[in-house]
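Below, read A as the first sequence line, B as the second, and so on, with proteins coming before strands; counting in each chain starts at 1.
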Amino acid sequence: MTESLGDWRRTHYSRQVKPDMNSQKLTLMGWIHEIRDLGGIIFLLLRDRDGITQITAPSKKVSSELFEEIRKLRKESVVAIKGTVQESGKAPGGVEIIPEELRLLNQSQQPLPLDPTEKVRAEIDTRLDSRYLDLRKHSVNSIFKIKSRMLHSVRLFLEEQEFIEINTPKLVASATEGGTELFPITYFEREAFLGQSPQLYKQMMMATSLDKVYEIAPIFRAEEHDTLRHLNEAISIDVEVAFADQDDVMILLEEMVANAIKDVKENCGEELETIGVELEVPKTPFPRLRYSEVVDLVNSQGVNLRYGEDLSRAAEKAMGEVMDGYYFISDWPSDIKPFYVMPNSENPEVSQAFDLMYRDLEISSGAMRVHLHDLLVERIKSKGLNPDSFNRYLAAFQYGMPPHAGWGLGAERFTMCLTGAKNVRETVLFPRDRRRLTP
RNA sequence: GCCCUGGUGGUGUAGGGGCUAUCAUGUGGGCCUGUCGAGCCCACGACUCGGGUUCAAAUCCCGGCCAGGGCGCCA
């Protein structure tokens with residue numbers, strides 16, 4: 001029933017087929033999006049990675065064998081079609097293909113687990129179960145083309161500034177930074193964990209003279225959260241810079257973010273149009289608010305927030321009402337930031353840490369780090385952690401650790417900002433959340 | 001982890017003690033030479049699982065499983 005690819009190769013994608021190619025022969029390959037059989041004429045919609053082309057088969061213009069073959073096609077089957085471009089005002093986009101030969105490369109079973117034409121919208125749970133089919137929808141795969149472009153832009157930007165891409169282990173012995181829960185795993189006869197962040201490793205790289213490093217890699221959090229903005233496996237864009245303070249890396253971060261948005265806007269026009277997003281390139285520098293100012297702002301919005309508390313969801317939402325785009329929150333209380341964050345030398349109650357927000361969503365956090373060994377030990381103790389379990393990390397601070405600063409940016413949350421996705425799961429091919437471990 | 005809501009054909013839904021279970025889409029078949037959410041005709045296909053109440057349960061009660069939302073937790 002099905003035929004082999006043989007020596008046929010695609011000559012064009014759908015989006016490349018234009019009316020001025022009239023009479024040109026070409027070969028298209030893709031999926032049957034829709035079939036409209038009118039009896040004496042059949043319209044096929046052939047969909048490929050970013051477009052749809054109409055294949056028009058009038059019974060008088062194509063052979064009866066081919067006409068019968070086309071009549072028997074089923075939605076979502078994979079086909080290769082050789083044909084001629086026909087300019088036509090009656091066709092969508094002013095152009096259609098008159099088929100001459102067809103190869104059925106693979107038949108799709110029926111019924112489909114969801115409708116790729118989106119006449120009936122499936123729920124996210126159904127869509128994730130059949131993600132391969134869901135991703136055939138241009139509205140869905142556009143998100144991943146945008147995410148890809150954003151990551152590409154981030155790499156270009158950092159490489160241009162002579163950053164070195166590093167890879168740090170994801171299998172780690174405990175020595176947790178604290179805060180989050182870790183996923184325990186079996187490492188031969190020992191217990192180990194999946195890494196919550198490359199934090200301790202990228203800091204150790206500061207003692208190597210590599211000076212400017214970045215890593216784009218998965219991070220794992222075993223929190224039982226169940227929200228539209230949390231994942232148990234996410235991609236973190238992590239940066240660490242030696243001989244720098246928090247202000248230096250805030251500038252780096254805002255320039256990188258603005259650059260990525262500009263790049264996506266310039267290179268993903270069709271994808272943005274497909275998902276109906278009008279991107280605005282933010283002006284730099286981004287507004288900078290102190291944590292204390294945020295407390296006042298939130299309270300003035302009628303949401304109770306005491307100085308010293310981390311932002312509640314209600315507080316974030318209140319900020320989202322006041323602030324429209326990207327902004328920094330700096331000068332956080334030391335108490336609610338991790339041990340490796342540098343306290344302000346004049347007022348150690350306040351830290352040299354910042355978060356980057358987009359409206360009500362935290363997308364990045366960073367800081368000037370503690371580079372002094374004894375202060376670091378003191379900070380570890382004050383967080384109720386045992387310095388002994390950080391020996392290998394702490395040693396790197398005893399033989400020449402320069403001052404340094406850095407941040408981590410959540411790739412999925414940033415993608416939410418770029419695409420307007422309301423659910424972070426929309427920005428991951430195969431999301432891992434509290435309940436989902438497959439596919 | 002807490003709170004709320006829900007689970008009905010492949011998909012998305014209506015129905016809330018007494019049916020042959022609604023509609024759309026789809027699927028299979030038929031008609032139709034300009035469809036573009038094609039149209040028309042015929043057919044197909046479903047009450048999350050277990051227990052209970054009742055003459056009678058998709059519907060009410062209890063429990064499990066699964067899902068959606070909110071919050072908490074979240075370097």
Side-chain angles (χ1 to χ4, degrees), chain A residues 33-45 52-62 67 71-72 74-76 86 88-96 98 108-130 133-134 172 175-182 193 195-203 219-232 234 236 238 309-317 336-341 353 355 362 364-367 369 383 385 406-410 413 422-423 425 433-436:
Chain A
H33 185 66
E34 286 214 70
I35 306 163
R36 301 198 189 100
D37 181 351
L38 274 65
I41 186 167
I42 302 171
F43 299 98
L44 282 184
L45 297 184
I52 293 175
T53 299
Q54 177 163 291
I55 313 294
T56 303
S59 58
K60 288 201 178 133
K61 283 197 189 171
V62 304
F67 195 78
R71 241 175 58 82
K72 285 186 200 134
R74 294 291 170 257
K75 282 187 184 180
E76 296 308 319
Q86 174 81 232
S88 166
K90 290 181 280 188
V95 68
E96 62 194 4
I98 310 299
S108 172
Q109 284 195 278
Q110 302 291 344
L112 301 165
L114 54 81
D115 170 21
T117 68
E118 293 185 272
K119 282 175 200 154
V120 179
R121 286 185 174 272
E123 290 185 355
I124 184 107
D125 192 48
T126 307
R127 292 171 45 209
L128 291 175
D129 283 341
S130 302
L133 200 50
D134 186 48
V172 297
T176 165
E177 304 149 38
T180 194
E181 292 289 319
L182 303 184
F193 300 91
Q196 68 184 108
S197 91
Q199 181 61 33
L200 307 187
Y201 291 100
K202 64 178 185 171
Q203 279 192 269
I219 55 172
F220 303 91
R221 308 281 163 90
E223 296 297 336
E224 294 184 347
H225 35 47
D226 197 1
T227 78
L228 299 179
R229 52 192 191 287
H230 286 95
L231 293 164
N232 294 292
S236 179
D238 263 275
E309 284 181 325
D310 205 348
L311 299 192
S312 63
R313 188 64 193 132
E316 286 180 341
K317 283 179 174 167
I336 53 173
K337 285 291 171 184
F339 65 78
Y340 49 77
V341 165
D355 280 3
E362 176 194 333
S364 172
S365 61
R369 321 298 192 184
K383 292 285 175 187
L385 299 165
W407 41 256
L409 169 68
R413 287 193 174 181
K422 298 277 190 297
N423 188 336
R425 280 161 265 240
D433 62 35
R434 177 73 185 88
R435 298 189 175 94
R436 183 173 285 275

Within the structure shown, what part of the strands sits under 4.0 Å from [X] by heavy-atom distance: base, sugar-phosphate, or nothing?
X       : result
L45(A)  : nothing
S197(A) : base
P92(A)  : base
Q110(A) : sugar-phosphate
K317(A) : sugar-phosphate
D37(A)  : base
S236(A) : nothing
A314(A) : nothing
T117(A) : nothing
E118(A) : nothing

Given atom [atom1] of [X] and atom [atom2] of [N], what is their separation to the nearest angstrom?
X       : N      : atom1 : atom2 : result
D134(A) : G12(B) : CG    : C1'   : 15 Å
K75(A)  : G37(B) : NZ    : P     : 13 Å
F67(A)  : U33(B) : CZ    : P     : 9 Å
D125(A) : U48(B) : CG    : P     : 16 Å
E224(A) : G1(B)  : CD    : P     : 5 Å
F220(A) : C73(B) : CZ    : C1'   : 20 Å
D310(A) : C71(B) : CG    : C1'   : 15 Å
L114(A) : G26(B) : CG    : P     : 14 Å

Which value, in whole Å, describes the distance between the [atom1] atoms of nucleotides [N] and [M]?
N      : M      : atom1 : result
G45(B) : C32(B) : P     : 28 Å
U11(B) : C74(B) : P     : 38 Å
U13(B) : G26(B) : C1'   : 14 Å
A67(B) : U8(B)  : C1'   : 15 Å

From C-beta outward on [X], which listed nucleotide comes closest to its side chain: [options]?
X       : options                : result
L228(A) : G68(B), C71(B), G69(B) : G69(B)
R435(A) : A67(B), G34(B), G69(B) : A67(B)
V120(A) : U25(B), C71(B), C73(B) : U25(B)
E96(A)  : U27(B), G70(B), G34(B) : G34(B)
E123(A) : U13(B), U11(B), G72(B) : U13(B)
K119(A) : G68(B), U13(B), G26(B) : G26(B)
E223(A) : C73(B), G10(B), C71(B) : C73(B)
R434(A) : G30(B), G1(B), C73(B)  : G1(B)
L38(A)  : C32(B), G1(B), G28(B)  : C32(B)

Check: With nearest nucleotides of RNA chain B determined for L112(A) and G39(A) from heavy-atom distances, which residue corresponds to the more 5′ nucleotide?
Finding: L112(A)
Margin query: Quick check on RNA chain B: between G89(A) and R413(A), whose nearest nucleotide comes earlier from the 5' end?
Written below: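 Closer to the 5' end of RNA chain B: G89(A).
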Using purine N1 to pyrimidine N3 plus N6-O4 or O6-N4 for Watson-Crick, or N1-O2 and O6-N3 for G-U wobble, each under 3.5 Å, what pairs with [N]?
N      : value
U33(B) : none
G1(B)  : C71(B)
U13(B) : none

Next item on the list: Considering only NZ, NE, NH1 and NH2 on the basic side and carboxylate oxygens on the acidic side, decide whether R425(A) and D125(A) come within less than 4.0 Å.
Entry: no
Check: Is K72(A) salt-bridged to D37(A), cutoff N-O under 4.0 Å?
Finding: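 Looking at K72(A) and D37(A), the cut-off is not met.
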Next item on the list: State whether the distance check finds a donor on one side and an acceptor on the other, under 3.5 Å, for side chain H225(A) versus base C73(B).
Entry: no
Checklist line | Donor-acceptor pair (no angle test) under 3.5 Å: Q54(A) side chain, U35(B) base | finding: yes
